[in-house]
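Note sheet for the following structure.
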Amino acid sequence: MKIPASALPILLLSAAIPSAMLNAQQPAAPHLEKRGTATQLIVDGKPFLILGGELHNSSSSSLEYMKPIWPKLTTLGLNAVVTPLSWELIESKEGSYDFTLVDGLLGQARDAHQRIVFLWLASWKNGMSSYAPVWVKQNTRRFPRVVERSNEVEILSPMSAATQEADASAFAALMQHIKQVDSEQHTVLMMQMENEVGVLDDTRDHSAAANKAFASAVPPELTAYLKAHHDALYPELRALWDENGNKTAGTWEEVFGSTARADEIFMAWHYARFIQAVTARGKAAYNIPMYANTWLMGDDARPGDYPSGCPEPRVMDIWKAAGTAIDFYAPDLYAENFEQWSQRYHRDGNPLFMPETRGGAVGAANVFYALGQEAGFGFSPFGIEDETDGKSELTASYNLLASFAPLLAERQAAGAVHGFVLGKFRSSADFVMNGYTVHVTLDELFGDHASSGFGLIMATGPDEFIGAGKGFRVTFEPRSSSARQVGIAAVDEGVFVDGKWIPGRRLNGDENDQGKGWRFDSRQVTVEKVTLYRFE
Ligand code: DGJ
């Protein structure tokens, strides 16, 4: 082959460029990255905090229906929407894929400057199989159902290799298509695998295949995982395995006991094997973060009251033992004990993202806890299109958080953020930060007491903190014995414009209780900076 002389310098130059540099020029797909103490969603090289919302189940099945929703999402202050994409709508005829809806949603999202997290509603949605294509639903011999009390129910059995193959083939085709149309723009941030899977109304599948597997030995990969990770297992699972003698061989009941817990662990393993395999097929086509969500169990609930096998904290290790394709597990968190459930999911390397939660005033507060205290990378109230435009408290929180999101992500990575929600469940929060013990209480001034408050505090300099939120006040105690006292040098309100702090009023009067406390009044969310001084 003859190479024209004019091309030689270019060829020589490119030969000298290390391949890592050439790759660096291609935009990396959205991915999770451990930065400092936080696991963050990295999009186009930067941490992306999802200030999102999940649409009602059927909204994104129609491009026409979505038209007025997109501008509303932007007005609400969202930067991403979490929304279903169902198997039946892309493969209504076996082997024939139609991605018109996907392309339409991507186009609409781009026009509205929104990103998307798609929910792959395929074999299961809320335990049931209502989103599988009719050709799957009809063919119960090829795609067998879960059996409960001798009846087949409309839940595809996770024991079926044929169902797994059909789901995986469709998902791989979808991810291949998303790669083709989105690997430059990264409108699609992540994929949720199925939705709240598990057997409902019974503790496990009683089909012939399931009964046979249940009476057989627990797979050695599972017991090997339990042994290797014993000390880090979720305490409830560890206690169960300990009580049953830490057996590494035996049937499910021999290893986990003859209770509904063994049934739940058995189902968790089989759903996880299936979904890990489907996820791996999708990732082989286009590798972006993929996660599974959870219908959280109630305190005294029995498996089957909630989907048995869903990645509840107490069986999350079973899901991890079944494969590594799923990047993380997420709670659909409507429960009132928000802090506790958040902590149960933000543990042992699992980062916190909430695909479904409460919006309105409750969500407006909780987002500060999730992103502030638990280093969460995303928050997404369900039924977001119902949120009231313009005056929504959620919007006020989102707009404020968006104004300093890069700083927040950077402080999350440094482990220098705390968040809190004060009110019915707790009236104060204490933490250690930057050489100080920080006391946060509900705000009060001249006998007026706030009944609720929320916010977060970031350490931004040796004696400097930035806080955001409303209805709380903060005092500081130095931890070093050499400087016993601390005073407030100044409190400034301010705003972030293009990431730069622009100070506003100096607040050294009633607004900081004449130097007695750093206050955030209850009327609206604000951002303020405090500078401290120490003295003997
Ligand atoms: C949880 C499910 O995941 C959603 O799809 C939806 O059904 C909501 N519940 C309804 O509250």
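Each residue takes its place number in the sequence, starting with 1. Atoms within each ligand, like the ligands themselves, are counted from 1 in listed order.
Protein residues with a heavy atom closer than 4.0 Å to ligand 1 are N57, K125, N126, N195, E196, D332, E356, F382, listed by chain and number.
Salt-bridge formation is detected for the pair E221/R273: a Lys NZ or Arg NE/NH1/NH2 atom is positioned less than 4.0 Å from an Asp or Glu carboxylate oxygen. For the pair R35 and E33, the salt-bridge criterion is met [side-chain N within less than 4.0 Å of a carboxylate O]. Salt-bridge annotation for D44 and R115: present, with a side-chain N of the basic residue lying under 4.0 Å from a carboxylate O of the acidic one.
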Show your working on side chain to side chain contact (heavy atoms under 4.5 Å, CB included) between M354 and S380 and close with a plain yes or no.
CA-CA 6 Å; M354 238 165 256; S380 161; 5.9 Å; no

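Among residues at least two apart or in separate chains, there is no salt bridge (charged side-chain N to carboxylate O under 4.0 Å, His left out) pair with a member in residues 120-133.
Taking OG from S60 and CZ from F118, the interatomic distance works out to 7.0 Å, rounded to the nearest 0.5 Å.
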